[in-house]
Structure formats: structure tokens, C-alpha cells
Amino acid sequence: MYDEMIREALRADFEREIELAAEEFPFDHRFSGRHLRQMKKLFRLSEEKSPFKKRVFIAAVAVLGAAILLAGFCFFVMINDFAFRIYPDHSAVTGFDIQNPAENMDSIYSISEESGYELVSRDMGLSYCISMYRQDEKQLTLTQSLPSCSFNVNTENKTVEEITVNGCNGYFIGMDGDSLLCWAMDGYVFMLEGNVDKNEGLKIAELTVLP
Amino acid sequence: MLSFYLQMVETPEEKSLVEFLYTEYRQLMFKIAMSVLHNEYEAEDAVHEAFVRIIKNISKFHEYSCQENRAYAVIVVKGIALNMKNKQKDSEEYLDDIPDSHCTEEEIEVKITCEEIMANISALSPALKNTAYLYFAEQLTPAEISEMLDIKIDTVYQRIHRARAILLGGEKGNGNV
């Protein structure tokens with residue numbers, strides 16, 4: 001009997017206490033970011049996570065991280081049969097999938113006299129041939145190499161354009177008035193550098209022939 | 001320890017219940033905690049701790065109606081707020097210092113009205129009132145109260161006994177547990 005009376009009294013007192021709290025703090029509280037983060041963490045932790053999915057995610061992150069490390073913090077780009085390994089200040093360029101790659105330097109190409117450029121010097125190695133040409137104040141360097149050779153090219157803040165030289169794929173890089181053209185032809189990789197613009201460089205490149 | 005508690009929330013229904021309780025009662029719980037602590041950050045912490053305890057006992061919430069859920073949420077946060085306040089004052093909960101009351105219901109004179117019981121409620125300390133509400137109003141067992149309020153079961157029995165004695169007029173409350 002008294003428990004029933006106590007029950008009613010306590011319930012009435014409880015409701016009154018809630019009313020008093022509502023009167024004392026009439027406006028809803030804007031919970032702080034700290035509290036919301038705590039509660040979010042509390043609820044998120046209550047969600048069951050699939051162990052398998054977690055392992056797959058960790059493995060994927062590990063593989064991606066390893067790939068980035070192995071790549072030496074660089075990016076790979078393919079431009080017209082040339083593979084560019086792009087670093088912050090330069091690119092290492094190699095020929096990729098060159099048709100019928102040459103295996104020796106038996107055939108040496110030159111810039112035709114028709115271009116008006118004169119051969120000044122030539123330096124040969126087992127896998128390359130570097131020829132220097134001049135016309136008045138213009139200087140050109142023609143490098144012929146086996147496809148397995150890799151070139152370091154300044155590509156910092158530069159744009160690489162695809163080009164075609166005598167129907168052969170290549171690329172062009174403009175460098176403050178100078179030009180760099182590279183193309184693959186007859187199993188070799190050619191690189192033409194000089195203080196000429198792009199159009200003149202393309203004309204000269206197309207006059208690169210086997211005497 | 002928190003992750004141990006949270007592992008007890010197994011089913012999606014329990015998880016959604018926890019979130020529902022938070023959405024529904026967080027403002028009320030905050031206001032109750034503020035009425036005790038008068039500090040917003042501490043009141044938020046009390047709400048957070050209350051939900052840690054709610055999650056620990058979430059299975060029991062299934063048995064309760066919305067009114068009971070509300071009552072329990074309020075009681076839990078109030079108990080936590082009182083503990084925080086007591087810690088600030090460097091005063092310990094007088095959980096084990098409750099003197100055994102020599103009064104039993106049979107020994108108390110039977111002449112008491114509901115209005116007198118209402119008046120005697122003011123003599124209950126907040127901790128006594130919390131325990132008494134859960135026992136008399138929500139009719140939880142002492143074991144359930146012990147688990148929900150995170151207090152010793154012996155303390156629950158002592159509080160129930162003393163609260164009854166005060167409410168029925170057989171003993172004066174002294175403001176402590």
C-alpha cells in the first residue's frame with residue numbers, strides 16, 4: 001500500500017523536476033563539436049566492421065604505398081611510343097615498343113646539306129652518335145641512339161607535345177626559344193636540340209637522312 | 001573499456017535504439033545535468049558518460065516503454081552529474097557509510113498520507129531519490145539498479161531501505177546518501 005503511494009509521489013516529483021529543468025533552461029543547447037565528435041565516435045565504434053573488408057583495405061593501402069615507393073616518387077606517362085618517367089625537375093625518357101629496334105650503330109644518320117646546316121663535330125659510342133651542326137649563329141645537336149638508351153630531359157614547367165617526323169611518332173618540348181624534338185625512326189631514337197623554333201626544328205628533323 | 005561496452009551493442013536494432021535515445025533525450029539529459037553541474041562542458045560530458053552506461057545496459061531498454069526509457073536516461077545522467085559534482089567538492093559518495101536503519105516498515109506507524117510522503121521527498125538526497133525512483137516507480141530489481149547506476153548492490157538495498165524510512169516519516173534525511 002505504501003509502496004504504491006511512494007510510487008505516485010516519486011513519479012509526480014520526477015515530472016516536476018523535469019519541468020523545473022525545462023523552465024531553468026528553456027532553449028535547446030547547441031552541443032559543442034567536441035561532444036558531437038565524442039558521440040560520433042561512440043556510435044561509430046558500435047558498428048560492426050567486417051574483418052575481411054578491413055584486411056582488404058589494409059592490403060590495398062599497403063600495395064599502393066609500395067607501388068609509390070617503388071616508383072621512386074615519380075609518375076609514368078606514355079607519349080607517342082616514348083615512356084616518360086617524370087620527376088619534379090626532369091624526365092627520364094626511353095623508347096617504348098619501338099618497331100624493329102636497332103641493335104648496333106652501323107647506320108649513322110645526318111642532317112641533309114639541303115638544310116643549310118654544316119656538320120661541325122661528331123662523337124660516337126657503342127650505343128649513340130652525337131653530331132653538332134651550325135648555321136651562322138644557330139647550333140643544332142642531333143643525337144642518334146639505340147632504343148634501349150634513356151635520356152634525361154628538362155621537363156620542369158614545360159609542355160610536351162606529340163609530333164610526327166616523316167610519319168614517325170615523337171614529341172616536342174619548347175624551352176625558352178630553344179627546341180627539343182625526339183622521334184623514333186628506322187629502329188633508332190633521334191633527338192634534335194637547338195636554338196630554333198618548333199617549325200624550323202620540324203623541317204630540319206625531316207631532313208635527317210641516311211647518307 | 002569503452003570498446004568492450006560497445007561490443008555489447010550487437011544488433012542493428014540496438015544500435016538504432018541508442019541513436020534514437022540520443023536524438024530524443026539528449027536535450028532533456030543535458031538540462032538535467034546542467035541543473036546539477038551548472039557547467040556546459042561538464043554537462044555534455046555527463047551526457048556522454050550516460051550514453052556509455054546506456055549502451056552497457058542497452059538490452060534492458062528493450063523491455064521499457066518510451067516513458068521508462070526517458071526516466072532511466074534522466075536518472076542515469078543525474079546520477080553521473082551528482083558524482084561529478086561530488087568529486088569536484090572532494091567529497092566521497094557516502095555509499096558504504098549508510099547506517100543500518102533500525103526501522104522497518106512494520107515498525108513505522110501506519111498513519112501517513114500521500115501528501116505527507118510528497119513532502120518527505122524533499123528530505124531525500126538526490127542519490128537516494130534516484131535509487132528510490134528506479135525501485136518504487138519503475139519497479140526495477142536491486143540487481144538491475146546496481147548495474148544501471150553502477151553502484152554496489154548492498155548500497156542499493158541500503159538506499160531503498162533508508163528512502164522508505166524517510167518517505168514514511170520514520171527517519172529524517174540529512175541531505176547525504
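From a predicted model like this one, the values you see are computed outputs, not experimental measurements. Just so it is clear: chains get the letters A, B, ... in the order the sequence lines come, proteins before strands, and each one is counted from 1. Quick note: numbers below take in every heavy atom, side chains included, and nothing from hydrogens, waters or symmetry partners.
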Side-chain heavy-atom pair Q38(A), D45(B) within 4.5 angstrom cut-off: yes
Part of R16(A) lying under 4.5 Å from any heavy atom of chain B: neither
Verdict with supporting geometry, E24(A) and H38(B), side-chain contact (heavy atoms from CB on, under 4.5 Å): CA-CA 11 Å; E24(A) 186 178 359; H38(B) 298 286; 3.3 Å; yes
Contact check, side chains of Q139(B) and R7(A), non-hydrogen atoms, under 4.5 Å: yes
R34(A) side chain near Y41(B) side chain, heavy-atom distance below 4.5 Å: yes
Heavy-atom side-chain contact between K31(B) and I18(A) under 4.5 Å: no
Spacing of L10(A) atom CG and K129(B) atom NZ [to the nearest 0.5 Å]: 8.5 Å
Close side-chain approach of F31(A) to F30(B), heavy-atom, < 4.5 Å: yes
Ion pair check, R70(B) and E15(A), cut-off under 4.0 Å: yes
Salt-bridge criterion met for R26(B) and D28(A) (N-O under 4.0 Å): no
CZ-CD1 distance between R164(B) and I6(A), expressed to the nearest 0.5 angstrom: 6.0 Å
CD1-CG distance between I117(B) and D13(A), expressed to the nearest 0.5 angstrom: 12.5 Å
M39(A) CE to F51(B) CZ distance, which is reported to the nearest 0.5 Å: 5.5 Å
Sub-4.5 Å side-chain heavy-atom contact between I75(B) and F14(A): yes
Chain A contacts, top residue of A43(B), A137(B), A132(B) (heavy-atom pairs, under 4.5 Å): A137(B)
Gap separating the CE atom of M5(A) from the CG atom of L167(B), nearest 0.5 angstrom: 10.5 Å
Heavy-atom check, side chain of H29(A) versus side chain of M34(B), under 4.5 Å: no
Whether over 12 other heavy atoms sit under 6.0 Å from L126(A) CG: no
Under 4.5 Å from a heavy atom of chain A, the part of A71(B) involved: both
Reported CD1-to-CG distance for the pair I32(B) and L20(A), which is rounded to 0.5 angstrom: 9.0 Å
